[in-house]
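A note on names: the letters A, B, ... follow the listed sequences, proteins ahead of strands, and every chain is numbered from 1.
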Protein chains: 2
Amino acid sequence: MVQYIAPPLDLSFAALSDATRRGIIDLLGHGDASITSLADAFQMTLTGMKKHVQVLERAGLVVTQKVGRVRTCRLGKRGLKAEAEWIEAHRKLFEARFDALDEIINEIQQGGSDEGAV
Amino acid sequence: MVQYIAPPLDLSFAALSDATRRGIIDLLGHGDASITSLADAFQMTLTGMKKHVQVLERAGLVVTQKVGRVRTCRLGKRGLKAEAEWIEAHRKLFEARFDALDEIINEIQQGGSDEGAV
DNA sequence: ACAACACTGAACTATATGGTTCAGTATATA
DNA sequence: TATATACTGAACCATATAGTTCAGTGTTGT
């Protein structure tokens, strides 16, 4: 069994940081597509589109397969699980932080000038 | 009322694509911090850390405030809502896509020639 | 055989990132 | 007042991105 090194979040978040690439994922969500059709859809040269697809591929978000002269792109099995998990975990941190702040504000408003050192 | 243009997902995903910056968010989730303390934590020059914080600030993920000579960084109120929403919506697309594939595979298998090509 | 098609690779541009050093400015402290 | 602290800005470096053009290669259709 070949060990699959999961592309780190670096690659997937970087891949998602471009609107064209998010659009590609969007489009592939509704059906597989060739490089040419993607290039048409986003008004871009074939070469330019190929680079975007490569970025998505490196991130594991898209897989491609060449049959004859056509390379077909589809969403990767990996999905967005790891990314969703990171975001959710940290969303909780954000909220916890604001709850802590609210407490401090409440304490200050109570009138007690005790150091709100959080 | 000043119109606040929400930083697009481009900026936040790009901000999250670096492990150091994800680490900063992690750290700020447990308490506010100065540039110096962050630079220490990540073994980096002050100037380098300041750039990271600026990237996070532009993305709206972190806010800073300078008091005296110390700039304190904390998590931004904006949170990760928009990012979570994008990820979740597209996670569903990924899964729907695989369900569609499974159906096709089932159909093929009904017909006999079982190419396990997935 | 030959033209059209789909992709690929190299090379080039402009800009951004991730980091540094070095030289400041402003603030706190002894 | 002098010194240390905390940050800031400019300049530099190497690499990556986002895009292009141009010149191929290999495949399909007539």
**Fill in**
On a heavy-atom basis, the closest approach of A:M49 and A:T20 is CE-CG2, 4.5 Å
**Request:** Using the closest heavy atom to pick a nucleotide of DNA chain D for each, name whichever of B:S37 or A:Q43 lands nearer the 5' end.
**Result:** B:S37
**Request:** Starting from the 5' end of DNA chain D, give me the residue, A:G48 or B:K50, whose nearest nucleotide shows up first.
**Result:** B:K50
Could you check how far [atom1] of [X] sits from [atom2] of [N], rounded to whole Å?
{"X": "B:M44", "N": "C:dT17", "atom1": "CE", "atom2": "P", "answer": "15 Å"}
{"X": "B:D18", "N": "D:dA16", "atom1": "CG", "atom2": "C1'", "answer": "13 Å"}
{"X": "A:I35", "N": "D:dG26", "atom1": "CD1", "atom2": "P", "answer": "18 Å"}
{"X": "B:F42", "N": "C:dG18", "atom1": "CZ", "atom2": "P", "answer": "14 Å"}
{"X": "B:M49", "N": "C:dT20", "atom1": "CE", "atom2": "P", "answer": "10 Å"}
{"X": "A:E57", "N": "D:dT17", "atom1": "CD", "atom2": "P", "answer": "15 Å"}
{"X": "A:R69", "N": "D:dG26", "atom1": "CZ", "atom2": "C1'", "answer": "10 Å"}
{"X": "A:L46", "N": "D:dA18", "atom1": "CG", "atom2": "P", "answer": "18 Å"}

**Prompt:** Heavy atoms under 4.0 Å, any strand shown: does A:G68 hit a base, just sugar-phosphate, or nothing?
**Reply:** sugar-phosphate
**Request:** Would you indicate what A:S34 reaches in the nucleic acid, counting non-hydrogen atoms under 4.0 angstrom: base, sugar-phosphate, or nothing?
**Result:** sugar-phosphate
**Message:** According to a hydrophobic-cluster definition based on side-chain heavy atoms being under 4.5 Å apart (Ile, Leu, Val, Met, Phe, Trp, Tyr only), do B:W86 and A:L75 belong together?
**Reply:** yes
**Message:** Are the side chains of A:R78 and A:S12 in contact, using a 4.5 Å heavy-atom criterion?
**Reply:** yes
**Prompt:** Any side-chain heavy atom of A:R22 within less than 4.5 Å of one from B:F13?
**Reply:** yes
**Message:** Quick check for you: among D:dG9, D:dG19, C:dT8, whose closest atom lies nearest to any side-chain atom of A:K51?
**Reply:** D:dG19
For [N], does OP1 or OP2 lie under 4.0 Å from any side-chain N or O of [X]?
{"X": "B:R58", "N": "C:dA16", "result": "no"}
{"X": "B:R21", "N": "C:dG18", "result": "yes"}
{"X": "B:R71", "N": "D:dT8", "result": "yes"}
{"X": "A:H52", "N": "D:dG19", "result": "yes"}

**Complete:** Exactly one of B:V55, B:L11, B:I25 clears side-chain contact (heavy atoms from CB on, under 4.5 Å) with B:L16, and that residue is B:I25
**Asked** Is a donor-acceptor pair below 3.5 Å formed from side chain B:T45 to base C:dG19, judging by atom type as modelled?
**Response** no
**Side-chain donor/acceptor contact of B:T20 with base of C:dG18 under 3.5 Å** = no
